[in-house]
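Here the structure is laid out as C-alpha cells; the discussion comes afterwards.
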Amino acid sequence: MEGIKKVYDFLEKAGTFYLATVEGNQPRVRPYGAMLFYEDKIYIMAFGQTNATKQVAANPKAELCAFKGQTLRIACELVEDNRPEVGKALVEKMPTLKGALGENGENGVMYYLKNAQADFFNLMELTETIKF
C-alpha cells in the first residue's frame with residue numbers, strides 16, 4: 001500500500017499527467033489532471049463518450065507519464081468503475097468539476113489502474129519500480 005500511495009502522491013504533485021492509449025496501431029496521448037486515491041486504488045477520470053473512452057474500451061492497456069523533478073511512467077490496464085460513490089468522491093475532491101461531471105460524476109468515466117508497473121527515472125536512469 002505504501003508504494004501505490006507514493007505513486008499517487010507523485011501524480012498529485014505533478015498536477016498534470018499524460019495518458020497514452022491505442023487507436024488501431026496509432027498511439028494517442030492527451031493531458032489529464034483528474035485523479036483520486038480511493039479504496040487503496042488510483043483512479044483517473046475521462047469525460048463521457050470521448051475518443052479516449054472508446055480506445056480504452058477496445059484496449060484497456062495504457063500508459064501514464066508525469067514529470068516533477070523526475071519522470072514517472074506507469075504501464076497498466078484501466079478498469080472502468082462507475083459506482084456513484086467513486087464519482088462523488090472525485091467531485092468532492094475537485095469541486096470545480098461538479099458542473100461538468102454532475103453530483104456523482106455521472107458525466108464522466110472513472111477508471112482504476114490495475115496490473116500496474118510504475119517506474120521512476122532520474123534523467124535516463126531507472127531509480128525505482130513499484131508494482132500494484
Side-chain angles (χ1 to χ4, degrees):
M1 158 91 159
E2 182 179 313
I4 190 172
K5 189 72 169 87
K6 179 177 181 174
V7 171
Y8 177 79
D9 290 345
F10 184 92
L11 290 170
E12 267 295 298
K13 287 177 188 157
T16 301
F17 60 92
Y18 296 86
L19 172 67
T21 58
V22 177
E23 183 177 56
N25 66 354
Q26 180 64 47
R28 301 291 182 191
V29 181
R30 75 258 317 146
Y32 275 78
M35 69 193 99
L36 176 69
F37 191 72
Y38 187 78
E39 296 178 340
D40 298 329
K41 295 180 184 135
I42 297 173
Y43 281 83
I44 64 171
M45 184 277 303
F47 283 106
Q49 288 300 312
T50 62
N51 288 337
T53 60
K54 292 172 191 167
Q55 291 156 10
V56 171
N59 182 351
K61 290 186 176 183
E63 285 204 8
L64 284 70
C65 187
F67 179 81
K68 185 73 176 178
Q70 60 181 336
T71 300
L72 170 63
R73 190 172 64 214
I74 307 168
C76 63
E77 294 174 38
L78 296 178
V79 178
E80 192 171 326
D81 182 355
N82 286 317
R83 293 177 294 151
E85 57 268 29
V86 178
K88 184 174 182 146
L90 178 68
V91 170
E92 287 174 358
K93 178 187 175 246
M94 303 179 83
T96 57
L97 295 175
K98 188 176 189 176
L101 286 180
E103 285 289 322
N104 296 315
E106 58 269 13
N107 298 324
V109 179
M110 297 296 298
Y111 299 101
Y112 66 86
L113 282 58
K114 179 181 173 186
N115 297 327
Q117 178 173 316
D119 292 325
F120 288 89
F121 295 88
N122 281 329
L123 298 175
M124 300 293 289
E125 182 185 347
L126 177 65
T127 58
E128 184 176 9
T129 295
I130 297 171
K131 295 183 179 185
F132 54 94

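- Among all heavy-atom pairs drawn from Gly105 and Val91, the shortest one is N-CG2, 3.9 Å.
- Between Asn59 and Thr21, every side-chain heavy-atom pair lies at or beyond the 4.5 Å cut-off.
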Worked verdict on Ile44 versus Leu64 for side-chain contact (heavy atoms from CB on, under 4.5 Å)
CA-CA 10 Å; Ile44 64 171; Leu64 284 70; 4.2 Å; yes

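- Two residues are said to be in side-chain contact when any heavy atoms from C-beta on lie closer than 4.5 Å; Leu101 and Met94 fail this criterion.
- Judged as a salt bridge (charged side-chain N to carboxylate O under 4.0 Å, His left out), the pairs with a partner in residues 99-114 (not counting sequence neighbours) are, in order, Lys98-Glu103.
- In this structure Ala52 satisfies the side chain to side chain contact (heavy atoms under 4.5 Å, CB included) test together with Arg30, Tyr32, Thr50, sequence neighbours excluded.
- Contacts classified as side-chain hydrogen bond (donor to acceptor under 3.5 Å, both in side chains) and involving residues 61-77 (residues at least two apart or in different chains) are given here: Glu77-Asn115.
- Looking at Asn107, its side chain does come within 3.5 Å of a backbone N or O of Ala100 through a donor-acceptor pair.
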Tell me which donor-acceptor pairs under 3.5 Å the side chains of residues 120-132 have, and how far apart each pair is, sequence neighbours excluded?
residue : atom : partner : partner atom : Å
Thr127  : OG1  : Phe120  : O            : 3.2
Glu128  : OE1  : Lys6    : NZ           : 2.4
Thr129  : OG1  : Asp119  : OD1          : 2.7

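- Residues Leu72 and Ile74 have side chains in contact (heavy-atom distance under 4.5 Å, counting atoms from C-beta outward).
- Listed by chain and number, the residues in a side chain to side chain contact (heavy atoms under 4.5 Å, CB included) with Val109 are Thr53, Glu80, Asn82, Tyr111 (sequence neighbours excluded).
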Show every donor-acceptor pair shorter than 3.5 Å between a side-chain atom in residues 10-19 and any protein atom, with sequence neighbours excluded, or say none if there are none.
residue : atom : partner : partner atom : Å
Glu12   : OE2  : Tyr8    : OH           : 3.0
Glu12   : OE2  : Lys93   : NZ           : 2.7

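- Residues satisfying the side chain to side chain contact (heavy atoms under 4.5 Å, CB included) test with Glu23, not counting sequence neighbours, are Arg28, Gln55.
- With sequence neighbours excluded, no residue forms a salt bridge (Lys or Arg N to Asp or Glu O under 4.0 Å) with Lys54.
- Annotation: ring-ring contact (aromatic ring centres under 6.0 Å, His included) contacts involving residues 42-84, sequence neighbours excluded, comprise Tyr43-Tyr112.
- Applying the salt bridge (charged side-chain N to carboxylate O under 4.0 Å, His left out) test to pairs two or more places apart or on separate chains, those with a residue in residues 34-47 are Glu39-Arg83.
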